[in-house]
Amino acid sequence: MYSSFRSDILKLHSQSRLNHLEVPHALRGPSGEMLFTDYFFTAQKKPYCLVHLSGVHGVEGYLGSLIQQEILRENLENLPFQLVIAHSVNPYGMATMKRTNAANVDLNRNSLADYNIQNPEFAAFNDFLRRGASSDFLKTIPSILRLGIEKTVRSVACGQRDFPDSLFYCGPERQPELAALKNSL
């Protein structure tokens with residue numbers, strides 16, 4: 001599916017006047033296909049720039065790709081800003097239908113790596129989030145009551161560094177996909 005979406009956006013790009021930069025990734029997809037992040041951008045630098053990313057959470061890249069395809073169908077002449085479209089920031093996650101990259105790192109949370117996320121409250125929810133068992137949920141109730149809803153949501157969703165096989169793992173260091181994004185932008 002990844003390859004067909006990439007093919008579709010490349011076809012639409014060929015009908016536009018945007019520049020294209022193709023950045024290959026070290027890993028291959030599940031069928032052995034090469035994986036890329038593609039950048040489409042207006043040539044003229046302007047005081048303002050609109051950047052549209054797709055596929056930071058790999059599997060969500062398909063919806064992002066459809067939105068980017070619609071953007072490419074528009075008349076992009078004489079925009080009042082520079083436009084940069086980054087298609088499939090996490091092509092491995094997109095190709096394998098996973099939210100994370102190959103290291104199970106949530107790239108959205110990894111983008112906050114410089115903030116050294118400390119989230120000890122996540123441990124209370126880890127078993128439930130990994131397995132989804134009702135018995136594991138019952139064990140979270142004391143933590144939910146102690147933290148309240150707002151802090152519970154924050155402690156689950158903000159990311160964590162302690163459980164590499166769990167949800168919202170932000171990883172120990174900046175991931176290659178984000179380093180490539182920064183370098184390419």
Side-chain angles (χ1 to χ4, degrees), residues 1-16 18-41 51-73 83-114 117 119 122-123 125-133 136-137 156-185:
M1 202 155 101
Y2 161 83
S3 294
S4 66
F5 271 71
R6 181 170 188 257
S7 176
D8 290 345
I9 202 153
L10 289 173
K11 191 180 303 176
L12 283 166
H13 162 259
S14 70
Q15 299 165 11
S16 76
L18 297 181
N19 292 323
H20 177 226
L21 172 65
E22 173 182 271
V23 177
H25 284 259
L27 298 176
R28 291 187 175 259
S31 302
E33 71 273 30
M34 289 189 67
L35 302 174
F36 299 89
T37 297
D38 292 285
Y39 297 89
F40 309 103
F41 54 96
V51 178
H52 188 280
L53 308 173
S54 73
V56 172
H57 289 148
V59 70
E60 297 170 10
Y62 294 104
L63 176 58
S65 179
L66 291 172
I67 292 167
Q68 291 173 339
Q69 290 174 40
E70 288 303 313
I71 292 169
L72 288 175
R73 286 186 176 95
L83 174 64
V84 177
I85 295 172
H87 183 262
S88 191
V89 172
N90 178 8
Y92 181 84
M94 195 168 167
T96 58
M97 304 294 279
K98 293 182 179 177
R99 188 174 197 273
T100 59
N101 70 0
N104 194 45
V105 173
D106 180 321
L107 295 182
N108 193 42
R109 273 53 178 198
N110 186 253
S111 67
L112 301 173
D114 295 339
I117 294 172
N119 187 4
F122 187 88
F125 304 99
N126 182 47
D127 288 342
F128 172 66
L129 293 169
R130 280 187 322 115
R131 296 189 292 244
D136 290 327
F137 174 72
V156 169
C158 81
Q160 52 87 19
R161 293 180 176 274
D162 300 320
F163 304 96
D165 62 337
S166 192
L167 191 64
F168 304 137
Y169 178 59
C170 66
E173 58 196 25
R174 176 84 56 228
Q175 293 297 291
E177 296 88 348
L178 294 182
L181 176 67
K182 182 178 179 183
N183 291 338
S184 298
L185 288 177

Original post:
Do R174 side-chain atoms and N110 backbone N/O form a donor-acceptor pair below 3.5 Å?
Top reply: yes
**OP:** Carefully, step by step, assess I85 and L72 under the rule side-chain contact (heavy atoms from CB on, under 4.5 Å).
**Re:** CA-CA 9 Å; I85 295 172; L72 288 175; 4.0 Å; yes
**OP:** Verify whether one side chain among N90 and H57 offers a donor that lies under 3.5 Å from an acceptor in the other.
**Re:** no
Original post:
Should the ring pair F40 and H20 be called parallel, tilted or perpendicular, given that the plane angle runs from 0 to 90° and is split at 30 and 60?
Top reply: parallel
Subject >> Side chain to side chain, L63 and E60, heavy atoms closer than 4.5 Å >> reply: no
Original post:
Would you say the side-chain atoms of H52 and Q68 include a donor-acceptor pair closer than 3.5 Å?
Top reply: yes
**OP:** Decide yes or no for V105 and Y169: does some side-chain heavy atom of the first lie under 4.5 Å from some side-chain heavy atom of the second?
**Re:** yes
Original post:
Do R6 and P91 have side chains that get closer than 4.5 Å, going by heavy atoms?
Top reply: no
Original post:
Does any N or O in the side chain of Q175 come within less than 3.5 Å of the main-chain N or O of E173, such that one atom is a donor and the other an acceptor?
Top reply: yes
Original post:
Between the main-chain N or O of M94 and the side-chain N or O of Y62, is there a donor-acceptor pair closer than 3.5 Å?
Top reply: yes
Original post:
Is there a side-chain contact between T37 and E177 (heavy atoms, below 4.5 Å)?
Top reply: no
**OP:** Measure from NZ or CZ of R130 to the centre of the six-membered ring of F163 and say whether it is under 6.0 Å with the direction within 45° of the ring axis.
**Re:** no
Subject >> L181 and L53, any side-chain heavy atoms less than 4.5 Å apart >> reply: yes
**OP:** Let me see the working for R161 and N119 under side-chain contact (heavy atoms from CB on, under 4.5 Å), right down to the final yes or no.
**Re:** CA-CA 8 Å; R161 293 180 176 274; N119 187 4; over 6 Å; no
**OP:** Indicate yes or no: at least one non-hydrogen side-chain atom of Y2 is less than 4.5 angstrom from one of Y92.
**Re:** no
